[in-house]
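Fair warning: this is a prediction, and the values are worked out from it, not measured in the lab.
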Amino acid sequence: MEQHTPTLVIGAGPAGLAVSACLKERGAAFILLERAAEIGASWRRHYERLHLHTAARHSSLPGFGFPTGTPRYPSRDQMIGYLIEYARRFGIAPRLGEEVLSLQARAGEWLAETRTGPYRSQNVVVATGFNAVPWTPAWRGQERFKGPILHSLEYRHGEPFRGQRVLVVGFGNSAGEIAIDLHEHGAHPTMAVRGPVNIIPRDILGIPISSLAIVLSRVPIRLADALAPRLSRITTGDIGRFGLTRASVSPMTQIRVESRIPLVDIGTLELIRQGHIEIRPGIHSLGEREVNFEGGSRDEFDAIITATGFRPGVARFLDRTADSENPAANHKGAAPAGEAGGRWPRSRVESDNGLYFCGFTVTPAGMLREIAHEARRIAAHIAGAEPS
Ligand SMILES: Cc1cc2nc3c(=O)[nH]c(=O)nc-3n(C[C@H](O)[C@H](O)[C@H](O)COP(=O)(O)OP(=O)(O)OC[C@H]3O[C@@H](n4cnc5c(N)ncnc54)[C@H](O)[C@@H]3O)c2cc1C
């Protein structure tokens with residue numbers, strides 16, 4: 001049976017819950033759909049050692065902070081607990097197990113198809129996550145490799161790898177933390193790093209880097225770029241001797257222009273310095289056990305973990321030609337430039353056609369903080385009021 005609601009919110013992660021809370025505060029009716037069986041599904045899927053790399057006080061959602069006593073960097077479990085409590089506080093009851101399979105514009109409204117039937121609404125807030133679909137590159141000879149090749153999403157903890165030689169592909173935050181976790185579980189991690197990198201410490205002189213990023217985001221990007229090389233040389237020293245190349249763009253530019261977060265270091269660099277984590281170049285091809293690296297070196301491994309990121313995957317359900325505000329419409333429905341690189345869609349907090357996107361902006365101060373801002377603005381726009 002077809003159901004009607006003024007606003008349909010898709011996804012009960014931090015973004016969907018934040019939008020729902022802000023709509024509730026304004027007395028605006030909505031329905032929240034979540035394909036998983038529980039709230040905070042993305043956080044439940046992540047590896048066990050994960051902690052936020054942004055400080056709790058900059059990572060809470062509108063109207064309710066992390067409880068007193070929460071450490072500066074909450075753990076994965078604390079984050080899940082926070083999301084459950086957030087929904088409870090605001091009386092948000094998502095319809096669980098309801099996946100939006102397609103979303104189309106129909107006669108001035110939006111039509112969302114699910115397995116239980118269609119939903120019609122004036123507004124839709126897409127809050128399905130920037131990091132929704134795991135992405136892994138393909139290498140020559142991959143089918144011959146005898147050990148497991150796992151995406152970081154399939155990695156839980158290092159215990160199954162005790163005593164093994166494990167190659168971690170990538171140099172983002174998941175890669176850095178998984179390499180630490182492997183070392184702590186008695187495995188021998190090596191990181192395959194394809195290109196130049198930015199590394200920033202999680203705290204400088206006891207101040208969270210996310211706090212500094214908020215300050216730096218207020219200064220012109222050129223000034224931030226000029227300060228960055230000096231700051232990173234002081235904080236990380238000469239990384240060239242470990243086989244790493246410092247990126248020519250600053251961390252701020254990397255985040256703002258490339259939507260990629262630099263490695264926020266929580267101890268990976270020290271383990272590299274001590275020789276517990278080795279560094280190799282990008283992968284060229286694979287054999288039964290051996291990995292051939294760019295530049296000609298090779299080594300044997302028992303397992304490979306690809307910490308190579310995610311894609312938003314919104315195109316799986318959204319009919320892009322239906323969205324006249326979307327630049328994709330100008331491309332007659334062809335995949336817009338950037339989708340392959342994971343840069344589509346962008347967040348959209350004001351809309352003429354009732355289609356909003358929350359949680360698609362990568363910022364130096366952290367996506368959760370940005371989600372809180374976006375949620376307030378989206379709810380205000382839907383309710384026809386000023387953001388509070
Ligand atoms: C490993 C990792 C660590 C991170 N750490 C931080 C950090 O420390 N600080 C920070 O600020 N940010 C961090 N982020 C970034 C970001 O804040 C998180 O990814 C956050 O969970 C984003 O919230 P979201 O609601 O936009 O997406 P998600 O949390 O991914 O939630 C999206 C929800 O939508 C549901 N969904 C998807 N498709 C459909 C559909 N078609 N129909 C119905 N439901 C659907 C999913 O099941 C999911 O529950 C991290 C990201 C990752 C991957």
Side chain proximity check, Asp181 to Phe161, heavy atoms < 4.5 angstrom: no
Any chain of hydrophobic side-chain contacts (each under 4.5 Å) joining Leu271 to Phe171? yes
Can you confirm whether Ile39 sits close enough to Pro94 that some side-chain heavy atom of one is under 4.5 Å from a side-chain heavy atom of the other? yes
Minimum side-chain heavy-atom gap His51-Pro71 below 4.5 Å: no
More than 12 heavy atoms of other residues, nucleotides or ligands under 6.0 Å from CZ of Arg194: is that the case? no
Inspect the contact between Glu109 and Arg106 and indicate whether a charged nitrogen and a carboxylate oxygen are less than 4.0 angstrom apart. no
CZ of Arg289: more than 12 outside heavy atoms within 6.0 angstrom? yes
Side-chain touch Phe317/Glu113, heavy atoms, less than 4.5 angstrom: no
Would you check if Pro262 and Val197 make a side-chain contact, meaning some heavy-atom pair closer than 4.5 Å? no
Does atom CZ (Arg298) have a neighbourhood of more than 12 heavy atoms from anything else shown, all under 6.0 Å? no
Would you say the side-chain atoms of Arg156 pair up with the backbone N or O of Arg45, donor to acceptor, closer than 3.5 Å? yes
Distance-only, no hydrogens or angles: does the Trp43 side chain make a donor-acceptor pair with backbone N or O of Gln78 under 3.5 Å? no
With a 6.0 Å cut-off (strictly less than), is the heavy-atom count around CZ of Arg241, excluding the residue itself, greater than 12? yes
Where do Phe360 and Val314 land on the side chain to side chain contact (heavy atoms under 4.5 Å, CB included) test, with the steps shown first? CA-CA 11 Å; Phe360 295 89; Val314 168; 3.9 Å; yes
Which label fits Phe64 and Tyr86: parallel for a plane angle under 30°, tilted from 30 to 60°, or perpendicular past 60°? tilted
same_hphob_cluster(Phe293, Ile272) at 4.5 Å side-chain heavy-atom cutoff: no
Verify, without hydrogens or angle tests, whether His151 (side chain) and Leu153 (backbone) share a donor-acceptor contact under 3.5 angstrom. yes
Treat each ILVMFWY residue as a node, draw an edge where side-chain heavy atoms are under 4.5 Å apart, and state whether Leu17 and Ile84 are in one component. yes
What distance separates Ile277 CD1 from Glu270 CD, expressed to the nearest 0.5 Å? 10.5 Å
Give the cluster check for Tyr155 versus Phe301: same hydrophobic cluster or not, with ILVMFWY residues linked at side-chain heavy-atom distances below 4.5 Å. no
CD1-CZ distance between Ile239 and Arg273, expressed to the nearest 0.5 angstrom: 10.0 Å
Please determine if Glu374 and Arg377 form a salt bridge, counting it only when a charged side-chain N lies under 4.0 Å from a carboxylate O. no
List the steps, then state whether side chain to side chain contact (heavy atoms under 4.5 Å, CB included) holds for Asp265 with Arg202. CA-CA 6 Å; Asp265 186 34; Arg202 191 173 60 176; over 6 Å; no
Do Thr361 and Thr363 have a side chain donor and acceptor closer than 3.5 Å? no
Determine whether Trp139 and Val169 make a side-chain contact, defined as any pair of heavy atoms from C-beta on separated by less than 4.5 Å. yes
Taking NZ, NE, NH1 and NH2 as the nitrogens, is one of them in Arg49 or Glu177 under 4.0 Å from a carboxylate oxygen of the other? yes
Sole candidate of Val264, Thr268, Ile178 that passes side chain to side chain contact (heavy atoms under 4.5 Å, CB included) when paired with Asn173: Val264
Before accepting this row, confirm whether a basic side-chain N of the pair Arg76/Glu48 lies closer than 4.0 Å to the acidic partner's carboxylate O. no
Side chain to side chain contact (heavy atoms under 4.5 Å, CB included) between Asp299 and Arg165: does it pass, once the steps are laid out? CA-CA 10 Å; Asp299 227 329; Arg165 299 205 59 190; 3.1 Å; yes
Minimum side-chain heavy-atom gap Ile204-Ile209 below 4.5 Å: yes
Which is it for Arg95 and Thr116 under the side chain to side chain donor-acceptor pair (under 3.5 Å) test, yes or no, and what are the steps along the way? CA-CA 11 Å; Arg95 296 188 179 183; Thr116 55; over 6 Å; no
Have Ser210 and Thr54 got a donor and an acceptor in their side chains that come within less than 3.5 Å? no
Separation between OG1 (Thr5) and OH (Tyr119), nearest 0.5 Å, reads 9.5 Å
Whether the side chain of Arg348 engages the backbone of Leu355 through a donor-acceptor N/O pair (distance < 3.5 Å, no angle test) should be reported. yes
For the hydrophobic clusters of this structure (ILVMFWY residues joined by side-chain heavy atoms under 4.5 Å, transitively), does one cluster hold both Met191 and Leu286? no
Describe, in one word, how the ring planes of Phe66 and Tyr82 are oriented to each other, choosing from parallel (under 30°), tilted (30 to 60°) and perpendicular (over 60°). parallel
So, the side chain of Thr308 versus the backbone of Trp135: is there a donor-acceptor pair under 3.5 Å, distance only? yes
Starting at CG of Leu8, measure out to CD of Glu98 and round the result to the nearest 0.5 Å. 9.5 Å
If you round to the nearest 0.5 Å, how far is CG of Asp203 from CD1 of Ile266? 11.0 Å
Check: Ile304 and Phe145 side chains under 4.5 Å, non-hydrogen atoms: yes
Just by distance, no angles: are the side chains of Ser121 and Asn123 close enough, under 3.5 Å, to form a donor-acceptor pair? no
What's the verdict on side chain to side chain contact (heavy atoms under 4.5 Å, CB included) for Ile382 and Val125, showing C-alpha distance, side-chain angles and the deciding distance? CA-CA 10 Å; Ile382 288 174; Val125 184; 3.9 Å; yes
Between atom NE2 of His58 and atom CG of Leu52, what is the distance when rounded to the nearest 0.5 Å? 12.5 Å
